[in-house]
Enquirer: 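The structure under discussion is supplied below as structure tokens; questions concerning it will follow.
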Protein chains: 2
Amino acid sequence: MRKTFLFLDTIVNKVDAKGRVSLPADYRSIVKETASEIVCYRSFNSPCIEGCLETMLDKLADEMDSNLDFFSETQDEISNLLFGDSKRYPFDSTGRIMLSEKLLKHAEITDTAVFVGKGRKFQIWNPQNWEKEEQRIRTAVLKNRPSIKKSENDR
Amino acid sequence: MRKTFLFLDTIVNKVDAKGRVSLPADYRSIVKETASEIVCYRSFNSPCIEGCLETMLDKLADEMDSNLDFFSETQDEISNLLFGDSKRYPFDSTGRIMLSEKLLKHAEITDTAVFVGKGRKFQIWNPQNWEKEEQRIRTAVLKNRPSIKKSENDR
DNA sequence: AATATGCTTATGGTATAACATGGGATTTTA
DNA sequence: TAAAATCCCATGTTATACCATAAGCATATT
């Protein structure tokens with residue numbers, strides 16, 4: 001029986017000179033139920049960091065674990081990339097993680113990080129990039145679903 | 001209840017004049033739970049070394065016994081190659097292993113080794129070769145699976 | 001309504017432990 | 001007995017644990 005959990009909301013936190021960031025308290029309380037660390041990797045599609053629970057990757061490993069995969073030349077390449085790029089980020093007693101140079105560079109993060117809930121996972125953005133991305137998404141939504149427009153105007 | 005373990009991340013370590021390499025601490029802590037050695041063999045598909053826990057090979061042997069019809073003849077042959085090529089590599093008190101000439105030559109490794117997590121197993125690469133391989137995989141993923149793009153963001 | 005109080009969370013700094021790596025000593029094996 | 005493998009200790013570097021302070025937020029109090 002799987003426990004339900006959701007990463008929600010958008011939280012802005014400072015990144016110090018050492019690359020440390022407080023994991024938002026909400027997120028931390030979710031993680032704490034099963035672990036004392038999160039797993040992060042570079043998003044394939046966007047200049048941002050993605051984070052999730054290790055159990056997500058474990059499930060993936062199980063699916064690839066059959067002997068066929070063991071020999072397969074065309075073994076799922078995404079999974080390969082994912083495992084190689086992912087890393088555990090434990091948080092200390094104050095709830096901070098230390099993001100690697102590689103991740104920070106990929107997401108163009110220097111002194112401020114934006115945590116964006118995505119349900120089973122979350123993303124970490126540079127503030128300016130996130131603003132643009134959110135704008136982009138909103139525009140795309142309005143274009144594809146004009147019916148939304150009305151309710152937006154009501155506000 | 002299966003204990004979860006995952007080889008993750010990409011770690012670069014030096015290979016000294018004696019051929020010694022530190023097994024990354026993360027990997028070592030995984031291995032230590034069940035053994036004081038890893039099993040390595042030459043990858044069939046790439047110029048790299050593959051490493052795993054002996055239990056992985058054990059499981060493979062089991063499945064070869066019970067599921068003969070499930071495996072093709074060629075897979076059977078490959079399995080036998082695998083067992084013949086595999087060797088145990090114990091690590092000392094400081095966590096180092098000594099890779100054989102055969103493995104180092106196959107992977108074209110001289111003074112630097114790159115450990116790449118692959119979930120239930122891992123690979124060891126020559127730095128330049130890994131760089132090229134990662135590039136290749138990233139390109140292949142984006143080209144062959146554009147659908148990922150959408151579903152990734154939706155999650 | 002305004003202010004006070006206490007709690008949770010965020011942030012800065014420092015001490016400590018863990019790790020990778022080099023070198024030398026001891027043991028094994030061919 | 002020479003060469004190679006294994007073990008053990010030493011060191012610089014880096015990450016992690018810990019402590020201390022500051023900032024927000026909600027509730028309680030007047």
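Just so it is clear: chains get the letters A, B, ... in the order the sequence lines come, proteins before strands, and each one is counted from 1.
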Enquirer: Return the minimal non-hydrogen interatomic distance between P127(B) and T112(B), and the atom names on each side.
Expert: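 Minimum heavy-atom contact is CD-O, 3.4 Å.
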Enquirer: Expressed as a whole number of angstroms, how long is the span from D111(B):CG to dG22(C):C1'?
Expert: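 Whole-Å distance recorded here is 15 Å.
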Enquirer: Send over the distance from E37(A) CD to dA15(D) C1', rounded to a whole Å.
Expert: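 Distance check: E37(A) CD to dA15(D) C1' gives 15 Å.
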Enquirer: Would you please classify the geometry between the F7(B) ring and the F5(B) ring as parallel, tilted or perpendicular, with 30° and 60° separating the classes?
Expert: perpendicular
Enquirer: Given atom CG of D92(A) and atom C1' of dT11(C), what is their separation to the nearest angstrom?
Expert: 11 Å
Enquirer: Please determine whether a side-chain nitrogen of the Lys or Arg among D85(A) and K102(A) lies less than 4.0 Å from a carboxylate oxygen of the Asp or Glu.
Expert: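 Yes, charged N to carboxylate O under 4.0 Å.
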Enquirer: Taking the side chain as C-beta and beyond, is there a heavy-atom pair between I137(B) and V141(B) under 4.5 Å?
Expert: yes
Enquirer: Can a salt bridge be assigned to the pair D92(B) and R20(B) using a cut-off of 4.0 Å between side-chain N and carboxylate O?
Expert: no
Enquirer: Taking only Watson-Crick and G-U wobble pairs with both distances under 3.5 Å, what dot-bracket line describes DNA chain D, where [ ] shows pairs that cross earlier ones and | shows pairs with another strand?
Expert: ||||||||||||||||||||||||||||||
Enquirer: Salt bridge or not between E134(B) and R42(A)? Use side-chain N to carboxylate O under 4.0 Å.
Expert: yes
Enquirer: Group every Ile, Leu, Val, Met, Phe, Trp and Tyr by side-chain heavy-atom contacts under 4.5 Å, then state whether F44(A) and L57(A) land in the same group.
Expert: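 Yes.
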Enquirer: Check each residue of residues 6-17 of chain A for a non-hydrogen atom within less than 4.0 Å of any atom in DNA chain C, then write out the ones that pass by number, or none.
Expert: N13(A), K14(A), D16(A)
Enquirer: Are side-chain heavy atoms of V114(A) and I124(A) found at a separation under 4.5 Å?
Expert: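 Side-chain contact under 4.5 Å: no.
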Enquirer: Output all residues satisfying side-chain contact (heavy atoms from CB on, under 4.5 Å) with T55(B), sequence neighbours left out; order by chain, then residue number.
Expert: L53(B)
Enquirer: Would you say L23(B) and F122(B) make side-chain contact, with heavy atoms under 4.5 Å?
Expert: yes
Enquirer: What parts of residues 93-109 of chain B reach DNA chain D, counting only heavy atoms under 4.0 Å away?
Expert: T94(B), R96(B), M98(B)
Enquirer: Is R88(B) paired with E54(B) through a side-chain N to carboxylate O contact shorter than 4.0 Å?
Expert: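 A salt bridge links E54(B) with R88(B).
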Enquirer: To check you understand the geometry: which heavy-atom pair defines the closest contact between G117(A) and Y27(A), and what is its length?
Expert: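 Smallest heavy-atom distance, with atoms named: N-OH, 3.0 Å.
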Enquirer: Tell me which residues in residues 18-28 of chain A put a heavy atom below 4.0 Å from DNA chain D, sorted by number, or none.
Expert: R20(A)
Enquirer: From CZ of F91(A) over to C1' of dA10(C), roughly how many Å is that when rounded to an integer?
Expert: 15 Å
Enquirer: Holding to ring-ring contact (aromatic ring centres under 6.0 Å, His included), I want the full list of residues that pass it with F115(A), two or more places apart in sequence or in another chain.
Expert: none
